[in-house]
Amino acid sequence: LVHVVPQDDWEAMMEVIYPIVRYADMYGYAGVIFYNEEEGGELDSRMSELYGRLYDNIPSVFVSHDDGAELLSLCAEGTWVTVSNYLGTVFMSAEMSENCASYFTSWGATHTLDLKPELAAPGGDVISLGDKRFYTIMSGTSMAAPFVAGAAALVKQNLLEAGFEVEDFPEFIRTTLMNTATPVVQGTQGNMASVRQVGAGLINVANAMKNTVLATFEGKASITLYDKLEEETAGEILLTNYGPEAVTYKLCATDVYTDFTDPITKSYSIKVLENASISFDQPTVTVPANGSVTVNFRLSLDRLKDGHFV
């Protein structure tokens, strides 16, 4: 349990807490709880995300001054404390931090309600080159963009070597990367992250290299229904196989999600939408070599309040 003074400078804050967590890990501590040193200091939501994601070996968390003082008092009394579902804290394990959206990830959709972003790539706490011949940790699109470019180059090279007949390479690459992306979770809640934040998911280069079938809706790799959601919404997905062998898929849908604002913490997230489902007109589908088939889907849901996304 360590007291710190929150700072606006992200780099300065990291220099303060990095050695603390590092040495705690070296000496066998299970985790670190930072609390606001300023009397009456509240939880800084930005810092709570930062602390949870900077370190992979052990979890760390930031709490308010009063909560820290209470924990100190209980420790002084020799009382065992269990923290569970504490509002405002962000616990992150190494496993979860590898596939979570960074707190600074921007949100879509566009003003036209088109899906943006379309994909996610590693861009948080990436080891990169720094000054004076040292490595450093950097975040942002400067880290994610090169990853996307490299992934696209590998996919194109694979297409050329395999001899696939592709008319529009950029669109093929975009579609296959979206079709094969890995779903992203949101923090410790375990739900899928919003497509308005991570698009189709985290780029999976290995899956994209092996993929020969593109799934599209009205020519795109995403299904954008704009503001035309009804209690029953149906559509047709086109599956096109560019490979020399037939491919069979089992059709199963995930839960349906909607946005949610916690009335206590005011935090924004997404959650499973009750009384909503996705169904297909067939349990399996086989796409013949160098051929195409269509699959019909149906989205069923109760009427939502205006201004909410699905």
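As the structure is a prediction and not an experimental result, all values here were calculated from the model. One is the number of the first residue; the rest follow in order along the sequence.
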To check you understand the geometry: which heavy-atom pair defines the closest contact between [X] and [Y], and what is its length?
| X | Y | result |
| --- | --- | --- |
| E37 | H65 | O-ND1, 3.5 Å |
| G68 | L1 | O-CD2, 3.7 Å |
| P117 | G108 | CD-N, 4.3 Å |
| P146 | T141 | CD-O, 3.9 Å |
| A193 | V198 | CB-CG2, 4.0 Å |
| A215 | N179 | N-OD1, 2.7 Å |

Are the side chain of [X] and the backbone N or O of [Y] linked by a donor-acceptor pair below 3.5 Å?
| X | Y | result |
| --- | --- | --- |
| S194 | R196 | yes |
| S73 | A69 | no |
| T258 | F309 | yes |
| N158 | M209 | yes |
| N204 | T182 | no |

With the side chain counted from C-beta on, respond yes when [X] and [Y] share a heavy-atom pair under 4.5 Å apart, and no when they do not.
| X | Y | result |
| --- | --- | --- |
| V287 | T240 | no |
| E118 | S222 | no |
| Y257 | V272 | yes |
| F280 | V285 | no |
| L239 | N241 | no |
| F34 | I20 | yes |

Hydrophobic cluster membership, [X] vs [Y], 4.5 Å side-chain cutoff:
| X | Y | result |
| --- | --- | --- |
| V205 | L202 | no |
| V247 | L214 | no |
| M143 | V148 | no |
| V2 | Y29 | no |
| V184 | I203 | no |

Exercise: do N211 and T180 side chains pair donor with acceptor under 3.5 Å: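 No, no side-chain donor-acceptor contact under 3.5 Å.
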
How about D114 and T112: does a side-chain donor come under 3.5 Å of a side-chain acceptor?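 Checked: D114/T112 side chains pair up, N/O donor to acceptor below 3.5 Å.
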
Near [X] [atom1], under 6.0 Å, is it more than 12 heavy atoms from other residues, nucleotides or ligands?
| X | atom1 | value |
| --- | --- | --- |
| Y23 | OH | no |
| E274 | CD | no |
| Y226 | OH | yes |
| Q282 | CD | yes |

From CA spacing to verdict: side chain to side chain contact (heavy atoms under 4.5 Å, CB included), F169, L160: CA-CA 10 Å; F169 276 101; L160 293 173; 3.6 Å; yes

Working to the nearest 0.5 Å, report the span between [atom1] of [X] and [atom2] of [Y].
| X | Y | atom1 | atom2 | result |
| --- | --- | --- | --- | --- |
| H111 | L113 | NE2 | CG | 9.5 Å |
| E161 | L159 | CD | CG | 10.0 Å |
| L251 | D281 | CG | CG | 8.0 Å |
| L238 | T294 | CG | OG1 | 7.5 Å |
| L273 | D255 | CG | CG | 9.5 Å |
| N290 | Y242 | CG | OH | 10.5 Å |

Would you please test F172 and F164 for ring-ring contact (aromatic ring centres under 6.0 Å, His included) and show each step? CA-CA 11 Å; F172 185 102; F164 286 0; 7.0 Å; no

Checking V295 against Y249 for the side chain to side chain contact (heavy atoms under 4.5 Å, CB included) test, could you report, in this order, the C-alpha distance in whole Å, the side-chain angles of both residues, the deciding distance, and whether it holds? CA-CA 11 Å; V295 173; Y249 295 97; over 6 Å; no

Residues that S300 engages under side-chain contact (heavy atoms from CB on, under 4.5 Å), provided they are two or more places apart: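 If we apply the side-chain contact (heavy atoms from CB on, under 4.5 Å) test to S300, skipping adjacent residues, the hits are E232, S277, R298.
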
Among T233, V195, I237, L115, which one satisfies side-chain contact (heavy atoms from CB on, under 4.5 Å) with I223?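 Single pass found, and it is I237.
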
